[in-house]
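This is a predicted model, so every value here is computed, not measured.
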Amino acid sequence: MSDEEVNYLNTLAIKLKRNLTDSEVFGFSQVNSEHCRHKIFNGTFVIDGEENLLPYSN
């Protein structure tokens with residue numbers, strides 16, 4: 001994971017007032033992996049026909 005992704009997860013844990021579970025961190029890292037998302041090609045998520053930026057994207 002990138003520093004940006006780690007910072008996002010840390011911020012989320014603070015907001016939730018609890019540590020994230022191993023499963024939550026693993027799931028996040030899997031769906032945001034290079035293999036799944038093709039970040040190098042600036043891939044985006046399209047959900048219900050609407051392009052969505054990730055919360056940690058600039």
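- Hydrophobic clustering, with ILVMFWY side chains joined whenever heavy atoms are under 4.5 angstrom apart, groups V6 together with F28.
- Rounding to the nearest 0.5 angstrom, the gap separating the CG atom in N19 from the CG atom in N10 is 9.5 Å.
- Atom CG of residue L9 and atom CD1 of residue I14 lie 11.0 Å apart, to the nearest 0.5 angstrom.
- Looking at E4 and Y8, their side chains never come closer than 4.5 Å, going by heavy atoms from C-beta outward.
- Residue pairs meeting the salt bridge (Lys or Arg N to Asp or Glu O under 4.0 Å) criterion with at least one partner in residues 9-20, sequence neighbours excluded, are R18-E24.
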